[in-house]
Number of protein chains: 2
Amino acid sequence: MRILLIEDERELAEALSAALGKHGIVTDHTMHLADAVELTRQNHYDAILLDRRLPDGEGLSFIPELRRTGKHTPIIVLTARNEPKERVEGLDLGADDYLGKPFLVEELMARLRAVLRRAPDLAELQIAAGRMVIDPLHLSVTVGTVPLDLPRRELLVLAALARRKEKTVLRSTLEAAVYNYEEEIQSNALDAHISRLRKRLIDAGAGVAIHNIRGVGYLMKEE
Amino acid sequence: MRILLIEDERELAEALSAALGKHGIVTDHTMHLADAVELTRQNHYDAILLDRRLPDGEGLSFIPELRRTGKHTPIIVLTARNEPKERVEGLDLGADDYLGKPFLVEELMARLRAVLRRAPDLAELQIAAGRMVIDPLHLSVTVGTVPLDLPRRELLVLAALARRKEKTVLRSTLEAAVYNYEEEIQSNALDAHISRLRKRLIDAGAGVAIHNIRGVGYLMKEE
DNA sequence: CCACAAGGGTTGCGGCAGCATTGCGGAGCT
DNA sequence: AGCTCCGCAATGCTGCCGCAACCCTTGTGG
């Protein structure tokens with residue numbers, strides 16, 4: 001799960017990014033509308049969090065701009081401008097939700113889950129693979145009826161592979177699923193996650209196997 | 001998939017070439033505009049990556065020069081000159097995209113996919129042949145619903161043949177599809193790849209056969 | 001019809017790049 | 001304080017792929 005955060009208060013952005021990270025969400029952050037348009041062209045986001053007052057303009061103007069490119073990514077507006085009239089304005093412009101600052105991260109998470117539930121094509125709510133059911137929104141994996149708790153990064157890898165099971169997933173795609181563009185990675189950290197994940201999947205009898213495609217990426221197969 | 005990289009910083013060029021190689025892209029590299037014109041006359045490229053500041057002039061001047069020869073190859077400008085005004089300049093001259101340095105390889109790949117998507121004649125997104133579907137951008141092959149994982153080089157050969165199935169593909173064309181001009185080849189390595197590929201295609205029941213045209217090249221036929 | 005040459009097919013070998021595994025230590029959480 | 005997560009790096013291993021040897025096929029000339 002990966003979202004774009006458009007927000008000019010650095011502190012809030014960092015706090016949010018950390019909080020979302022704990023929920024298994026990878027966050028890309030920008031302070032400028034201009035960059036935001038670019039980023040949505042380059043990356044796939046499952047949702048977008050949008051501030052209204054931004055240094056280079058009114059955040060709401062971003063919404064029609066994005067829709068014009070044919071994307072239906074859910075957008076949640078986060079703003080101090082929380083008068084009823086302003087809410088209507090935002091939602092009429094195509095925002096999927098509107099949340100006044102200050103807010104609780106828990107509330108944001110709930111609303112995030114809600115809008116994603118309404119857009120099931122973009123981000124599956126549950127992924128089945130082998131004897132597993134993966135729920136990336138609630139960060140849970142169950143094998144049969146037994147819950148399997150995985151570390152955050154391993155879960156992200158698992159979800160990315162399971163989402164495209166029986167198909168190769170490029171190494172770079174996996175890296176994008178686990179790390180945002182600020183997190184540098186200079187080692188075989190991804191391989192290490194794969195390794196540990198494999199062991200856990202075997203221990204749990206998950207009914208899937210992760211194969212390597214040399215020079216390309218990885219592939220999850222059901223057994 | 002083969003691209004031309006026009007870039008005078010050797011280190012960057014090598015790093016890029018290596019990174020693109022991992023995505024199954026063969027890169028030719030030159031540091032001089034004069035050579036670039038020559039190369040585009042001799043080879044087919046699916047895209048061109050162009051630096052602006054080059055030892056023998058402004059890279060942008062290459063764009064109209066190329067277009068004048070009737071080629072519509074997508075061009076992505078890579079440059080440190082990343083002011084909005086300069087972006088407009090590049091795009092107005094006919095560049096298909098404009099990317100400021102420094103950049104992430106992932107971003108470049110995404111933009112590359114985007115420009116190729118817009119130019120579907122030049123590089124199909126999926127190729128069907130026999131019971132196979134080949135996706136050269138994602139480096140995957142499936143036979144029916146079963147994924148078939150091939151080594152990188154064999155996959156490049158397969159894609160080059162399938163792209164022109166039922167037509168002879170010159171030996172030199174195949175070599176160009178798999179090797180860049182820095183990679184010397186002094187043996188029958190290509191034949192070896194063909195041989196191994198044939199075996200795998202039979203094992204997988206791919207529904208195609210690779211025939212040789214003596215002294216000319218190879219030909220893929222559906223069964 | 002045979003001899004010979006040249007191009008192609010196949011296969012084992014070896015070097016090496018990429019991958020797997022695992023212990024370590026810092027960081028963060030409870 | 002004790003735990004887990006996770007990046008890092010050292011180590012060993014795997015399999016890709018260039019190479020070359022050897023065999024087979026095709027074509028040509030006598």
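Each chain gets a letter, A, B and so on, in the order its sequence line appears, and its residues count up from 1.
Distance, Leu219(B) CG to dG8(C) P: 14 Å, rounded to whole Å. Atom pair Leu190(A):CG and dC6(D):C1' shows a separation of 12 Å (rounding to whole Å applied). Between Leu201(B) atom CG and dT10(C) atom P the separation is 12 Å, expressed in whole Å. Atom-to-atom, CZ of Arg200(B) to P of dT10(C) comes out at 14 Å; the value is rounded to the nearest Å. Look at CZ on Arg152(A): it is 9 Å from P on dG7(D), rounded to the nearest Å. Spacing between atom CZ of Arg153(B) and atom C1' of dG15(D) amounts to 15 Å, rounded to whole angstrom units. Spacing between atom CG of Leu156(B) and atom C1' of dG18(D) amounts to 16 Å, rounded to whole angstrom units. Rounded to whole angstrom, the span from the CG atom of Leu174(B) across to the P atom of dG8(C) amounts to 12 Å.
In this structure, of dG7(D), dC17(D), dG8(C), it is dG7(D) that holds the atom nearest to the side chain of Ser187(A).
Look at His193(B) and you won't find any side-chain N or O under 4.0 angstrom from OP1 or OP2 of dC16(D). Note on Arg171(B): every side-chain N or O is 4.0 Å or more away from OP1 and OP2 of dG7(C). Residue Tyr179(B) places none of its side-chain N or O atoms closer than 4.0 Å to OP1 or OP2 of dC17(D). For the OP1/OP2 pair of dG7(C) and a distance below 4.0 Å, the side-chain nitrogens and oxygens of Tyr218(B) include no atom meeting the criterion.
Counting non-hydrogen atoms of neighbouring residues, nucleotides and ligands closer than 6.0 angstrom, the NZ atom of Lys167(A) reaches no more than 12 such neighbours.
With contacts defined as side-chain heavy-atom distances shorter than 4.5 Å, the pair Lys221(A)/Val146(B) does not qualify. Taking the side chain as every heavy atom from C-beta outward, Leu174(A) and His193(A) never approach each other to under 4.5 Å. Residues Thr40(B) and Phe62(B) have side chains in contact (heavy-atom distance under 4.5 Å, counting atoms from C-beta outward). Counting heavy atoms from C-beta outward, Val169(B) and Met220(B) have side chains that stay 4.5 Å or more apart.
Under the rule for a salt bridge (Lys or Arg N to Asp or Glu O under 4.0 Å), Glu166(A) has no partner lying at least two apart in sequence or in another chain. For Ala13(A), the side-chain contact (heavy atoms from CB on, under 4.5 Å) partners two or more places apart in sequence, or in a different chain, are Leu5(A), Glu7(A), His29(A). In this structure Arg153(B) satisfies the salt bridge (Lys or Arg N to Asp or Glu O under 4.0 Å) test together with Glu183(B), sequence neighbours excluded.
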Give every pair of a protein N or O atom and an N or O atom of nucleotides 21-25 of chain C that lie under 3.5 Å apart, one pair per line with the distance.
| unit_1 | atom_1 | unit_2 | atom_2 | d |
| --- | --- | --- | --- | --- |
| dT21(C) | OP2 | Ser195(A) | OG | 3.3 |
| dT21(C) | O4 | Asn188(A) | ND2 | 2.7 |
| dT22(C) | OP2 | Lys199(A) | NZ | 3.4 |

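In this structure, the separation between CZ on Arg171(B) and CD1 on Ile194(B) is 8.0 Å, given to the nearest 0.5 Å. A distance of 8.0 Å separates CG of Asp8(A) from CZ of Arg53(A), quoted to the nearest 0.5 Å.
Sorted by residue number, the members of residues 204-215 of chain A with any non-hydrogen atom under 4.0 Å from DNA chain C read Asn212(A), Arg214(A), Gly215(A).
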Quiz item: Can you check salt bridge (charged side-chain N to carboxylate O under 4.0 Å, His left out) on Asp149(A) and Arg200(A), steps first, answer last?
Solution: CA-CA 10 Å; Asp149(A) 44 319; Arg200(A) 286 193 227 253; over 6 Å; no
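When Leu155(B), Val26(B), Leu156(B) are each tested for a side-chain contact (heavy atoms from CB on, under 4.5 Å) with Val178(B), only one passes: Leu156(B).
An end-to-end axis angle of 30° holds for the helix from dC1(C)-dG30(D) to dT30(C)-dA1(D), taken from five base pairs per end and rounded to 10°.
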